[in-house]
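Comments concern the structure below.
Note that the numbering runs from 1 along the sequence shown for the chain.
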Amino acid sequence: DFAPISNIANAAFILSVHPSVPAQSLADLVALAKKRPGELSYASFGRGSSTNLAGELFQYMTGIKLLHVPYKGGAPGMADLLAGQIVMTFDSAQASMGNIQAKKIRPLGVTSLKRLAVLPDVPTFDEFGLKGYEAGSWYGIMAPAGTPREIVDRLHSEIVKALQLPDVNKRITDWGAQVIGNTPEEFAAQIVKERARWAKVVRDAGMNPE
């Protein structure tokens with residue numbers, strides 16, 4: 001077990017499609033998927049990965065059926081997206097921005113509840129109408145279970161101070177994440193909530209361990 005200290009940042013995924021896909025928005029993509037159930041492919045970092053869960057949640061909330069293509073990490077999936085071997089991918093801003101700027105892929109939505117500073121014109125899934133849709137990765141700091149409270153509090157205080165430094169804040173924002181810095185209690189509650197939320201997605205999607 002561990003003692004939560006603070007969630008440093010939440011990093012969203014970007015849903016991007018190959019330029020050949022005739023969808024200019026999430027609404028277009030959903031409409032296309034409903035016409036072609038099970039045909040449109042999306043890459044993930046592997047079965048059960050955070051990007052796979054993002055795709056499953058997208059399908060569950062829209063009633064569409066996509067073809068999941070699991071890869072061993074993000075790079076192979078991005079390579080196949082660029083080559084037109086797959087239709088779309090959920091990937092990080094770090095991995096996607098260069099190709100987005102080069103217009104090699106088209107971003108349709110971001111999986112955070114707020115728009116990303118690096119992609120201010122790309123809407124969130126929540127804005128599209130999937131209320132509460134949120135997926136991505138979070139980065140937190142924990143201490144060993146049983147760490148004295150005064151040490152937990154001191155660590156939290158120093159972490160928050162560091163996150164408030166302009167260069168640190170900018171560095172995190174520039175790679176497509178949002179600074180959090182919540183309290184140990186808030187972080188603990190977040191972990192419990194996340195476990196329950198994604199367990200439901202796994203059950204509803206019928207995902208079985210391999």
Using a 6.0 Å cut-off, check whether atom [atom1] of [X] has over 12 heavy atoms from anything other than its own residue.
X      : atom1 : result
Tyr60  : OH    : no
Arg149 : CZ    : yes
Arg36  : CZ    : yes

Heavy-atom closest contact ([X] atom, [Y] atom, distance):
X      : Y      : result
Gly176 : Ala93  : CA-CB, 3.7 Å
Met142 : Ile191 : CE-CD1, 3.1 Å
Phe187 : Pro4   : CD2-CB, 3.6 Å
Thr111 : Ala135 : OG1-O, 2.7 Å
Ala95  : Met78  : O-CE, 3.9 Å
Ser16  : Pro107 : OG-CA, 3.8 Å

State, yes or no, whether a side-chain contact exists between [X] and [Y] at a heavy-atom distance under 4.5 Å.
X      : Y      : value
Glu194 : Trp138 : yes
Met88  : Leu66  : yes
Ser49  : Asn52  : yes
Leu163 : Ile172 : yes
Ile14  : Gln94  : no
Leu40  : Leu67  : no
Phe13  : Ser137 : yes
Val87  : His18  : no

Q: On the 0 to 90° scale, with breaks at 30° and 60°, tag the Phe90-Phe58 ring pair as parallel, tilted or perpendicular.
A: perpendicular
Between the side chain of [X] and the main-chain N/O of [Y], is any donor-acceptor distance below 3.5 Å?
X      : Y      : value
Glu127 : Thr124 : yes
Asp80  : Ile86  : no
His156 : Ile151 : no
Tyr133 : Ala54  : yes
Glu186 : Thr183 : yes

Atom pair [atom1]/[atom2] of [X] and [Y] - distance to nearest 0.5 Å:
X      : Y      : atom1 : atom2 : answer
Met61  : Asp204 : CE    : CG    : 11.5 Å
Ile64  : Leu32  : CD1   : CG    : 9.5 Å
Arg106 : Leu29  : CZ    : CG    : 10.0 Å
Ile159 : Ser6   : CD1   : OG    : 5.5 Å
Lys193 : Trp198 : NZ    : CH2   : 12.0 Å
Gln178 : Arg115 : CD    : CZ    : 12.5 Å

Any chain of hydrophobic side-chain contacts (each under 4.5 Å) joining [X] to [Y]?
X      : Y      : answer
Val122 : Tyr42  : no
Phe2   : Ile8   : no
Val110 : Val21  : no
Val168 : Leu155 : yes
Leu26  : Leu53  : yes

Q | Electrostatic pair Arg154-Glu158, nearest N-O below 4.0 angstrom | A | yes
Q.
Please identify which of these residues, Thr173, Asp167, Asp174, meets the side chain to side chain contact (heavy atoms under 4.5 Å, CB included) condition with Lys170.
A. Asp174
Distance only, no hydrogens: is a donor on one side chain within 3.5 Å (strictly under) of an acceptor on the other, for [X] and [Y]?
X      : Y      : value
Tyr139 : Asn10  : no
His68  : Ser44  : yes
Gln164 : Asn169 : no

